[in-house]
Amino acid sequence: MRRYAATVARRLKRHYPDATCSLHFRSPLELLVATILSAQCTDERVNQVTPGLFEKYRTAADYARVPQEELEAAIRSTGFFRNKAKNIRACCQTLLQQHGGEVPSRMDALVALPGIGRKSANVVLGTAFGIGVGVVVDTHVTRVSRRLGLTEHKDPEKIERDLMALFPKSQWIDLAHAMVHHGRRICTARKPKCGACPFGDICPRIGVPN
DNA sequence: CTCCCGATAT
DNA sequence: ATATCAGGAG
């Protein structure tokens with residue numbers, strides 16, 4: 001299984017060598033906000049909203065004092081806009097009260113923020129700070145990992161443990177980015193392009209829908 | 001488990 | 001019409 005995982009890692013690296021976070025951001029705070037917006041929403045849609053958002057609100061203090069309805073209107077098209085606006089505001093209020101207005105670079109502090117779960121914390125740690133304390137397990141990583149037979153689990157935290165056991169820590173950040181890109185381009189949820197898949201010869205679920 | 005929710009592909 | 005999109009909270 002470890003040998004198989006190494007093969008998967010090598011091919012992912014070969015086919016998605018420049019895979020990186022596709023959310024647009026210039027600071028840990030911008031990535032934190034973009035990550036909250038990305039829940040059940042395409043990164044492409046988030047990237048249409050964030051330029052105007054980041055121009056208008058620059059600091060945690062800006063988000064902490066913006067009226068709820070004003071922020072809702074600015075992020076409406078990303079869906080779940082009431083929850084997301086509430087979380088961004090509460091999140092930034094906590095940043096001001098407990099972290100000097102800065103985004104913390106520790107897992108325990110990040111997951112304690114309202115609206116930030118383990119997945120979002122892993123995104124911020126890995127992409128903004130270069131710290132791979134875990135593996136980002138989102139909808140794409142879940143689907144790709146299961147189809148490739150790297151895990152049998154459905155619970156993201158159990159999938160994360162399986163991936164952490166199968167791949168060396170040095171690969172965790174790039175691994176998730178590559179899997180996300182693979183999940184978007186080839187191993188799609190609805191109609192996977194198995195004919196064009198680089199794992200066509202080794203995938204246990206090649207041609208098997210869902 | 002349910003709810004939150006708009007935009008897009010199928 | 002329905003499934004899905006870099007989820008999280010109650």
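All values derive from a computational prediction rather than experimental measurement. Below, each value reflects all heavy atoms present in this structure, side chains not excepted, and no hydrogens, waters or symmetry copies. Protein chains get the first letters and strands the later ones, always in sequence-line order, with residue 1 at the start of each.
- Taking every side-chain heavy atom of A:Arg190 into account, C:dA3 is the closest of C:dA3, C:dC5, C:dA6.
- Counting to the nearest Å, the C1' atom of C:dT4 and the CZ atom of A:Phe80 are 11 Å from each other.
- For the pair A:Asn83 and A:Gln48, both in contact range of DNA chain B, the more 5′-proximal nearest nucleotide belongs to A:Asn83.
- If you take CD of A:Glu157 and C1' of C:dG8, they are 12 Å apart, rounded to a whole angstrom.
- A:Leu113 comes within 4.0 angstrom of the backbone, heavy atoms only, and of no base.
- Salt-bridge annotation for A:Lys56 and A:Asp62: absent, with no side-chain N of the basic residue lying under 4.0 Å from a carboxylate O of the acidic one.
- Rounded to the nearest Å, the gap between the P atom of B:dC3 and that of C:dA3 is 16 Å.
- C:dA6 atom P lies 15 Å from atom NE2 of A:His182, rounded to whole Å.
- Counting all heavy atoms, side chain and backbone alike, A:Lys169 lies closest to A:Gly132 at CE-O, 3.2 Å.
- Taking atom CG of residue A:Asp155 and atom P of nucleotide C:dG8, one finds them 12 Å apart after rounding to whole Å.
- The CZ atom of A:Phe25 sits 16 Å away from the P atom of C:dA6 (whole-angstrom rounding).
- At a threshold of 4.0 angstrom between heavy atoms, the contacts of A:Thr78 with the nucleic acid are absent.
- A:Glu44 CD: 12 or fewer foreign heavy atoms inside a 6.0 Å radius.
- Sequence order on DNA chain C of the closest nucleotides to A:Pro114 and A:His140 puts A:His140 first from the 5' end.
- B:dA9 and C:dA6 are spaced 13 Å apart, taking the P atom of each and rounding to whole Å.
- The shortest heavy-atom contact between A:Leu31 and A:Cys21 is CD1-SG, 4.1 Å.
- Taking atom CE of residue A:Met179 and atom C1' of nucleotide C:dA6, one finds them 14 Å apart after rounding to whole Å.
- Side-chain contact check for A:Arg11 and A:His15: no donor-acceptor pair (N or O, by modelled atom type) lies under 3.5 Å.
- Scanning DNA chain B 5' to 3' for nucleotides with an atom closer than 4.0 angstrom to a non-hydrogen atom of chain A gives a first and last hit of B:dC4 to B:dT10.
- The cationic atom of A:Arg89 (NZ for Lys, CZ for Arg) does not lie both less than 6.0 Å from the six-membered ring centre of A:Tyr63 and within 45° of the ring axis.
- Annotation: B:dC4 and C:dT4 have their C1' atoms spaced 15 Å apart (nearest Å).
- Every pair passing side-chain hydrogen bond (donor to acceptor under 3.5 Å, both in side chains) that includes a residue from residues 94-110 of chain A is listed here, sequence neighbours excluded: A:Arg106-A:Asp108.
- A:Ile116 has its CD1 atom 17 Å from the P atom of C:dA6, to the nearest Å.
- One interatomic measurement links the two molecules: CD1 of A:Ile36 to P of C:dG8, which rounds to 9 Å at whole-angstrom precision.
- A close approach under 4.0 Å does not occur between any side-chain nitrogen or oxygen of A:Ser120 and OP1 or OP2 of C:dG7.
- The gap from the P atom of B:dA7 to that of C:dG8 amounts to 22 Å, rounded to the nearest Å.
- An OP1 or OP2 oxygen of C:dC5 is reached within less than 4.0 angstrom by no side-chain nitrogen or oxygen of A:Arg184.
- Enclosure of atom CZ in A:Arg184 by more than 12 non-hydrogen atoms of other residues, nucleotides or ligands within 6.0 angstrom is indicated.
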